[in-house]
Structure formats: C-alpha cells, structure tokens
Amino acid sequence: MKLDTRAMRHLTAEDWRVLTAVEMGSKNHEIVPTPLIEKIARLKGGASGVHKSISALAKVGLIARMKEAKYDGYRLSYGGLDYLALHTHAARKHVYSVGSRIGVGKESDIMIVADEKGTQRVLKIHRLGRISFRTVKNNRDYLRNRQSASWMYLSRLAAIKEFAFMQALREEGFPVPEPIAQSRHTIVMTLVDAPPLRQIASVPDPAALYAELISLILRLAKHGLIHGDFNEFNILIREDRADEQDPDSPITLTPVLIDFPQMVSMDHPNAEMYFDRDVECIKRFFSRRFHFVSTTPGPFFKDAKKTVGHDGARRLDAVVEASGFTKKMAKDLEAAIREKEANSKENAEDSDGMEYESDEDDEEAEGRDSDSGDDGPLVIGDRIVNTEEGLEKLTINDGT
Ligand code: ADP
Ligand code: MG
C-alpha cells in the first residue's frame with residue numbers, strides 16, 4: 001500500500017473530526033456503526049455535516065463502508081490510519097512535508113519526510129497483519145479467531161516496540177538512527193545517509209568490518225538483546241573520513257543498525273536459535289560477497305549468555321515492558337512476525353521451486369526478500385537528491 005497524501009489538503013476540519021471518530025470507534029468495534037460515528041464526532045465538536053464528511057472520507061478511501069448482517073458501518077483503512085498519524089506528526093512539528101518512498105517491504109513503507117527547516121527524516125509506516133492468500137487458505141480457522149489481533153493493532157505494536165528499542169539503544173550509545181516520534185503505526189527517525197550493506201560491492205578490509213559487526217552482536221547480547229534480523233538490509237554502512245577536508249585521509253566504515261520490531265531477549269526460549277541465525281547471516285554474507293571467512297569459530301550463544309549484564313551493562317530487554325508493552329502485546333506481535341517470516345519463506349519456495357535462499361548467487365532470488373523495493377535496488381543516495389524537490393508540504397485544515 002502506498003502512502004498517498006494528495007487528498008489530505010482537501011479534508012476539512014469536520015472531516016478530520018469524523019476520521020478521528022471512526023478511529024476511536026474502532027477501539028471497540030471491528031466495524032464502527034454509523035450512529036456511533038455520528039455520536040463521537042458530535043461530542044467532539046457540534047452537530048453538523050457528519051454524513052457529508054463520511055461520504056467525503058469514503059470517497060478517497062480513508063474509511064470503507066462495510067455491510068454486515070447485523071448492521072452497516074465503517075472501518076478505517078490503512079490510508080485513514082496513515083493520515084491520522086501524519087496529522088499528529090505535523091501538529092507536533094515533527095513532519096512538515098512528505099517526499100518519496102525509499103523502501104517498501106511486505107510489512108512496511110519507508111518514506112523520506114522533512115521538518116520545517118527542510119531537514120530530511122525517515123517515516124517508517126508499519127504494515128503488519130496483511131494476510132496473504134496462502135495464509136488464509138492454510139489457517140482459516142486460526143485467523144477467524146484472531147480478529148482482535150487486527151492489522152491496526154499489530155502494526156501499532158510493531159511501531160511502539162521499534163521506537164522503544166531505538167530509544168534505549170541510542171541512549172546506550174549504539175549506532176542506530178535517532179528516534180524522533182511515534183504515532184500509531186508509524187515512527188519518525190533521523191535519515192542515515194548510508195547505503196545498506198547489501199549494496200556494498202567491496203570493502204578495503206572485510207575482516208575489520210566483520211569483526212565490528214560481530215562485536216555489535218556481542219554488545220547487544222551483553223545488554224540482554226538479540227536483533228533477530230541482523231542481515232545486509234538492516235545494516236547501513238556509513239563512510240566516515242578521518243579528516244573531512246582531506247579527500248586522501250582514511251575512511252572508516254561504521255555500521256548503523258536499523259529495524260527492531262523483532263528483537264528478542266537473551267532469555268527468550270529460542271534465544272540460541274535467533275542468536276545463531278544472526279551470526280550465521282553475517283558469516284554467509286561475508287563469504288558470498290567478500291569471499292571472507294573468519295578463522296575464528298563462533299561466537300557462541302553459551303559464551304554470550306555469560307556476559308549478559310556484565311561490567312554494569314544495563315539490560316535493555318526489559319525496556320519494552322517498562323514502556324507499558326504488556327506480555328500479551330509482546331506475544332501477539334511475536335506471533336504475527338513469526339507468521340510473516342514463515343510466509344516469506346513459503347512464498348520464496350513457491351515462486352522458484354527451490355528452498356529459500358538456496359540459490360546463493362542469484363541476486364534475483366535474494367531480491368524477493370521483503371526489504372526489496374518494488375522498483376529495483378534502492379539507491380538511497382540518489383533518491384535523496386531526487387526527493388528534495390519532490391517534497392510536498394502537508395496541508396492540514398483541522399481548524400487548529
Ligand atoms: P522493514 O521492516 O520493511 O525491513 P527497515 O526498517 O529495515 O524496514 O527499512 C527498510 C529499508 O529502508 C532499509 O533496508 C533501508 O534501506 C531503508 N531505511 C530504513 N530506515 C532508514 C533510515 N533511518 N535511514 C536511511 N535508510 C533507512
Ligand atoms: Mg529491514
């Protein structure tokens with residue numbers, strides 16, 4: 001789903017109020033009955049053209065009419081939730097304009113946005129819980145019982161969790177983007193002007209970069225965490241020149257870590273599997289891309305486990321719970337993320353008749369990963385230049 005802000009400028013203050021009313025009504029209703037929308041919208045600001053607003057919102061696809069056996073009503077669409085989130089970011093002055101999309105996965109959209117001063121930022125819109133046809137076919141009964149774990153709820157959980165971890169990691173001095181704001185299923189963070197490792201064809205010293213990445217995995221472990229998706233798409237490689245003025249001064253490569261909704265605790269029942277998988281992912285990539293294989297075996301989970309909390313390392317795995325994220329929320333989100341993983345695996349097997357990632361040098365097969373863009377490889381640097389003119393100011397007529 002693409003974020004389309006075109007209709008935003010045409011919405012009236014009343015339309016925004018009605019859209020908010022539909023969102024509020026969705027807390028208790030899968031389909032919000034029309035009289036309830038009227039009631040909430042009126043409570044919020046005088047009686048008037050609620051119906052006119054409902055039609056206007058439905059026309060641009062921000063809400064959708066649902067005909068149920070018992071009653072008629074409306075449901076918020078992804079677009080509607082996107083608008084509400086953007087509205088909040090704009091009102092809090094975290095986002096002033098929206099540019100182009102730099103990344104799209106099955107479960108997220110990554111947009112370039114800017115603040116009032118024109119500083120570019122990244123808006124990540126989580127889109128969890130979209131159900132593939134295959135999943136529906138295989139899990140019909142399960143899904144019927146999973147109505148409460150709706151896309152809206154799951155996507156919001158992903159954003160809350162990602163924001164909390166980004167904040168905690170940043171405070172602890174980890175190389176991650178700076179988290180700026182979170183609203184509903186979205187987060188705003190600083191733009192890291194660096195390509196993903198995936199796009200790096202060669203590096204001067206693969207051993208040094210490999211060591212740095214392994215030490216990042218171990219440092220996370222010391223703080224009680226496993227990234228859980230430590231792959232070449234989620235590691236951005238920044239080039240820092242020792243002396244900015246001198247083009248001949250040496251360059252250091254600094255990895256910046258992103259994408260945290262799937263992070264797990266070192267105490268997770270499957271921690272060892274996730275830890276090993278993260279390590280394996282880096283080993284495999286370095287061997288394929290840079291023909292580098294470390295002579296040191298490991299690192300091993302059992303050794304990393306012994307370091308948790310050592311040298312006064314603050315445990316960050318408790319952070320999300322501390323932010324009000326209940327055990328039930330964690331469980332719901334985890335189930336959705338595992339389901340997504342299983343799906344992309346199934347789809348990959350389906351589409352090429354081979355095992356997932358078995359075709360090691362086939363870039364195409366890898367490109368089917370959920371992180372890949374819908375229009376070829378992401379050349380972030382180029383896109384950023386392009387979007388500077390393309391940034392569109394958000395116009396919000398909410399009467400505030
Ligand atoms: P997903 O959950 O869909 O994998 P990611 O957070 O990994 O989402 O982002 C997808 C892609 O968008 C990344 O691989 C990266 O290329 C780009 N990206 C995400 N966040 C940033 C950022 N803060 N700065 C620069 N690029 C980013
Ligand atoms: Mg990613």
Side-chain angles (χ1 to χ4, degrees), residues 1-3 78 89 94-95 99-115 119-130 151 154-167 169-170 174-182 185-200 227-239 254-263 277-278 281-282 285 333-334 336-341 343-344 347 366-388:
M1 223 229 45
K2 207 170 164 177
L3 173 67
Y78 252 124
H89 289 311
H94 292 127
V95 174
S100 63
R101 183 162 62 163
I102 57 164
V104 57
K106 277 193 222 85
E107 314 290 333
S108 83
D109 282 332
I110 310 289
M111 310 284 305
I112 295 274
V113 296
D115 67 6
T119 306
Q120 294 189 338
R121 293 172 167 177
V122 164
L123 173 76
K124 178 169 179 179
I125 308 176
H126 286 274
R127 305 212 185 276
L128 217 63
R130 274 183 292 192
W151 58 268
L154 293 169
S155 303
R156 184 168 60 89
L157 294 188
I160 294 173
K161 181 173 168 186
E162 178 153 50
F163 191 77
F165 273 128
M166 208 184 285
Q167 245 173 349
L169 290 167
R170 180 93 188 175
F174 277 90
V176 300
E178 183 191 331
I180 293 164
Q182 183 255 321
H185 60 326
T186 69
I187 58 179
V188 180
M189 62 185 126
T190 48
L191 172 72
V192 181
D193 192 4
L197 177 58
R198 156 99 184 149
Q199 275 174 236
I200 310 277
H227 183 277
D229 201 6
F230 202 82
N231 64 36
E232 63 273 24
F233 297 94
N234 292 333
I235 300 160
L236 309 179
I237 303 293
R238 214 176 53 210
E239 290 185 6
T254 310
V256 179
L257 203 50
I258 57 167
D259 204 357
F260 311 112
Q262 71 295 318
M263 283 196 107
R277 198 173 68 178
D278 277 3
C281 206
I282 288 308
F285 183 80
L333 179 61
E334 191 174 327
I337 287 175
R338 298 308 157 222
E339 186 182 305
K340 154 191 147 179
E341 274 183 5
N343 260 336
S344 61
N347 290 343
E366 277 186 20
R368 246 174 252 130
D369 187 282
S370 62
D371 294 85
S372 65
D374 55 354
D375 42 11
L378 311 172
V379 184
I380 299 235
D382 290 349
R383 300 277 177 103
I384 292 166
V385 175
N386 287 343
T387 50
E388 260 168 13

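As the structure lists them, so they are numbered: ligands from 1, and atoms in each ligand from 1. Sequence positions, counted from 1, serve as the residue numbers for this chain.
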* Asked: Which ligand 1 atoms, with their elements, are less than 4.0 angstrom from a heavy-atom of F233?
  ->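 Answer for ligand 1: 13 (C), 14 (O).
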
* Mind checking whether E162 has an N or O less than 3.5 Å away from an N or O of ligand 1? -> no

* Asked: Without hydrogens or angle criteria, can the side chains of T186 and H126 be said to hold a donor-acceptor pair below 3.5 Å?
  -> no

* Asked: Can E107 be said to touch ligand 1, with heavy atoms closer than 4.0 Å?
  -> no

* Asked: Does N234 bring an N, O or S atom to under 2.8 Å of the Mg ion (ligand 2)?
  -> yes

* To do: Please find out if the Mg ion (ligand 2) and some N, O or S atom of D229 are separated by less than 2.8 Å.
  => no

* **Distance (rounded to the nearest 0.5 Å) between I258 CD1 and L169 CG** => 13.0 Å

* Geometric class of the F260/H227 ring pair [parallel <30°, tilted 30-60°, perpendicular >60°] -> perpendicular

Residue part near ligand 1, for [X], under 4.0 Å between non-hydrogen atoms:
X    : answer
V192 : both
T190 : backbone
R198 : neither

* Under a 4.0 Å N-O cut-off, is there an ion pair linking R121 with D115? ->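 Yes.
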
* To do: Restricting to N/O/S, name the atom of D259 that gets closest to the Mg ion (ligand 2).
  => OD2

* Report the member of L236, D259, I258 with the shortest heavy-atom distance to atom 2 (O) of ligand 1. =>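 The option holding the nearest heavy atom is D259.
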
